[in-house]
Amino acid sequence: MSSSSMSSSSKSTASNFENPPPPPTSLDLWSQIVAEENQHYDNQIDIVFRRRKPRNDPNNVNSKNSHDIPRRPSRVSFADPIKRVSWKRSLSTRGRTSIAVGASLVYRPELKKDRRKGKPPTHPKGNNAKPANFDKERLYFQEVDAFELMEESPSPKKVGSWIAGNVTDDVPLPSICSRLEKWLHARRLNPRSGPSSTLSKILDTPTMKLETIYDRNDSDFRLRSLDRSEMEFETIYDLDHSSSDFRLRSMDQSELSNSQLQNLKTRETRSSNDAILIRSESCEDIEAGVKKLSLTSTSSSFDDHNNSFAVLLETCGQSAPSMLEDLFSRYSGSETVVKVGEGTYGEAFKVGNCVCKIVPFDGDFRVNGEVQKRSVELLEEVFLSQTLNQLRGSDGVSNNLCRTFIESIEFRVCQGLYDADLIRAWEDWDRKHNSENDHPKEFPEQQCYMVFVQQHGGKDLESFVLLNIDEARTLLVQVAAGLAVAESAFEFEHRDLHWGNILVSRSDDSATLQFTLDGKNLLVETYGLIISIIDFTLSRISTGGSILFLDLSSDPDLFKGPKGDKQSETYRRMKAVTEDWWEGSFPKTNVLWLVYLVDILLTKKSFERTSKDERDLRSLKKRLDKYASAKEAILDPFFTNMFVESDMA
Ligand SMILES: Nc1ncnc2c1ncn2[C@@H]1O[C@H](COP(=O)(O)OP(=O)(O)OP(=O)(O)O)[C@@H](O)[C@H]1O
């Protein structure tokens, strides 16, 4: 990273704090608390760098063309000096984490250095970070809760200082009084105030309808304390879907693999005999939900972790993790498994007609130089993918439909070793492409994986060879129309639409593709190309009940990429547009990625084109600047000329 890019980035950060975003008007107290928390956490934060490596793909003819600009320099990770890493995404500070959960979660503090929202950390990086001090932290949260108890008890009117401006003084506060509870209460009254929370999302999300109970003595649910001897094979999260309540049952040891048993034993021992039950039930009373989650009383951070793990399992329709081998054999048939790509977190394998993206999670060691994702983060990615799946229309008639977002076929929690076929596929790919990821044979037997089974979307744009301007144009129109549809349906913003996240495949099946935008149909020419958008890690979406987003303000390095590099400039432009308030809806970010895409086509991809084609692309880029959303952009003549048919005015 050049020092000039560093300084420009820090300048932009400073100005953002001088001019805070307007919408969350009542966050003063919140900011104070976060600031105080950050002080307490400063010593625990560690920066690692999320990599998007430049590929040395010998088949990538584009890398040899005259339009190429030099690859951005890689830099060395603090975590593993052998690995190349890029400036991109130091998502060790991944923000799609609940404030509420984050405040209590310290179950692996040596790894999770900065899980809270707020200002970028100013602490020492990497190995210089000091070890966590849990006593201080415990004391701090006790103080915070004690303070709020005092504040609430005498007069509910004091809530005015906490809740956003449109909340009246006569709203009674719930008797429960942790920071989390009060925040959730405020959020219910004013859903747009304050940062969002995974936990509240789980409680709020209408599609999930779940309730979590930590009551080991509640006879209604036939739960009881398990004694030590039973803990050998207890609490396997076996959720009996045949009854209205899911019931926990003991599973026989023979039903589980050794690794599953060991892992579950470990989890349960950590939970100190608390049984966890998940019921499929609407959660109408947020306070009741909060009470039951009870983050402040008896439950430990391990409970929270186990809770999201259990919810993740339930969301995937599982009672216990599967073996990778079993999952893959369901899809592969007689075909061999082939690795098709890798990302910072995921390894993608083609199996039959699908791609399985395997993401290790919840382990307490780094993978590919990164802190592993946690159950709760995967849960949100699953929600997000499920929501985007709805655009495919399988849930019935809708006003907004498209097939541009990769289809998620199944989500599966797995555990155990990579089997021989997967190892072979991984090593084959490594020989050809020189993998930058850790060899999966190093992973322990207890390692958990989230497997996203997806439609095979083809090759990413970085390595795909475009033949002519028609292919470039259909690519642009499909991306723009897809974004417009998702924007309209779910206020969706991708926020990371670089050329590794756009997949391209050739197909003679469909000369045209239909999009439905606000009830109006439009048909676009494909010229034999089908585009699929992947990787929703940074995306923002509104599911109706909740907003899922990644708080990039806690990831300052994302904005420190090389000056002049189109991708890093796009992150910086997004930051300027959002004013670092990532929860907000800013469809302009989609337009910024369209601009990036035009730039990429002009400067990094070679295909048959005339100078008029280049002029057209350049003037499109100029016009894009004035559009506030993909929905506006799609009405540009560059795109409408590609419509074969359209109901749109
Ligand atoms: N459905 C798919 N079809 C075909 N290839 C895919 C698919 N999903 C992923 N890939 C390949 O795997 C690569 C990595 O996938 P992806 O970007 O989703 O992983 P990631 O770990 O989330 O990456 P990132 O580093 O951006 O976080 C992609 O660039 C692509 O080449």
Side-chain angles (χ1 to χ4, degrees), residues 48-55 57 59-60 74 77 83-92 94-96 331 337-361 366-373 377-378 380-382 384-385 388-389 392 403-411 425-426 429 432-433 435-438 440 449-464 494-507 530-539 550 552 555 557-558 561 567-568 570-571 593:
V48 291
F49 296 95
R50 187 168 187 189
R51 303 164 306 132
R52 167 71 69 189
K53 64 181 175 305
R55 287 174 205 160
D57 183 352
N59 300 321
N60 183 0
S74 298
S77 160
K83 303 267 173 201
R84 277 177 297 145
V85 294
S86 88
W87 48 270
K88 193 174 163 273
R89 297 213 210 155
S90 58
L91 289 178
S92 61
R94 291 187 298 268
R96 201 196 290 285
Y331 285 94
V337 177
V338 180
K339 177 168 161 176
V340 290
E342 67 182 23
T344 314
Y345 295 102
E347 300 274 357
F349 295 89
K350 182 174 181 298
V351 45
N353 294 325
C354 301
V355 164
C356 292
K357 189 171 108 172
I358 305 180
V359 181
F361 73 97
R366 287 173 193 262
V367 173
N368 312 327
E370 298 293 330
V371 172
Q372 293 186 32
K373 288 190 180 183
E377 291 172 281
L378 269 319
E380 296 205 13
E381 265 182 67
V382 170
L384 216 145
S385 307
L388 286 172
N389 256 3
R392 307 183 83 81
R403 306 176 73 77
T404 317
F405 298 92
I406 201 74
E407 183 180 11
S408 295
I409 294 160
E410 188 181 0
F411 308 94
W426 193 93
W429 199 89
K432 287 186 203 136
H433 303 271
S435 173
E436 290 194 38
N437 284 356
D438 295 335
Y449 304 95
M450 184 70 214
V451 183
F452 297 84
V453 184
Q454 299 174 337
Q455 151 210 9
H456 184 248
K459 271 191 173 181
D460 54 50
L461 177 59
E462 183 177 1
S463 47
F464 189 87
H494 189 283
R495 296 185 172 177
D496 198 18
L497 205 45
H498 58 76
W499 62 350
N501 286 337
I502 296 174
L503 302 183
V504 191
S505 67
R506 293 195 184 280
S507 160
I530 303 294
I531 307 302
S532 301
I533 293 175
I534 59 166
D535 194 354
F536 313 118
T537 311
L538 304 198
S539 302
L550 197 71
L552 299 178
D555 186 14
D557 283 3
L558 181 65
Q567 192 177 338
S568 50
T570 308
Y571 296 126
W593 285 105

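As the structure lists them, so they are numbered: ligands from 1, and atoms in each ligand from 1.
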Looking only at non-hydrogen atoms, the one of Leu503, Asn368, Leu538, Ile534 nearest atom 2 (C) of ligand 1 is Leu503
Can you confirm, on distance only, whether ligand 1 has an N/O atom lying under 3.5 Å from any N/O atom belonging to [X]?
{"X": "Gly346", "answer": "yes"}
{"X": "Gly457", "answer": "yes"}
{"X": "Tyr345", "answer": "yes"}
{"X": "His456", "answer": "no"}

Any idea which atoms of ligand 1 are less than 4.0 Å away from a heavy-atom of [X]?
{"X": "Ile406", "answer": "1 (N)"}
{"X": "Gly500", "answer": "28 (C), 29 (O)"}
{"X": "Asn501", "answer": "17 (O)"}
{"X": "Glu342", "answer": "12 (O), 13 (C), 14 (C)"}
{"X": "Ala348", "answer": "9 (C), 10 (N), 11 (C), 12 (O)"}
{"X": "Asp460", "answer": "29 (O), 30 (C), 31 (O)"}

Which atom names give the shortest non-hydrogen contact between [X] and [Y], and what distance separates them?
{"X": "Gln455", "Y": "Ile409", "answer": "N-CD1, 3.5 Å"}
{"X": "Trp593", "Y": "Gln567", "answer": "CH2-CG, 4.1 Å"}
{"X": "Ile358", "Y": "Val451", "answer": "CG1-CG2, 4.3 Å"}

Which part of [X] is near ligand 1, with near meaning a heavy atom under 4.0 Å away: side chain, backbone, both or neither?
{"X": "Gln455", "result": "backbone"}
{"X": "Lys357", "result": "side chain"}
{"X": "Thr344", "result": "both"}
{"X": "Val359", "result": "neither"}

Under a 4.5 Å cut-off applied to non-hydrogen side-chain atoms, are [X] and [Y] in contact?
{"X": "Val359", "Y": "Glu377", "value": "no"}
{"X": "His498", "Y": "Tyr571", "value": "yes"}
{"X": "Cys354", "Y": "Glu410", "value": "no"}

Any idea how His494 and Phe536 line up, ring-wise: parallel (<30°), tilted (30 to 60°), or perpendicular (>60°)? perpendicular
Does ligand 1 have any atom that is closer than 4.0 Å to a heavy atom of Cys354? no
Kindly write out the residues that satisfy ring pair (Phe, Tyr, Trp, His ring centres under 6.0 Å) with Phe411, not counting sequence neighbours, or none if the list is empty. Phe452
Looking at residues at least two apart in the chain, or sitting in another chain, which of them share a ring pair (Phe, Tyr, Trp, His ring centres under 6.0 Å) with Phe349? none
Has the side chain of Arg392 got a donor or acceptor atom that lies under 3.5 Å from a matching backbone atom of Phe405? yes
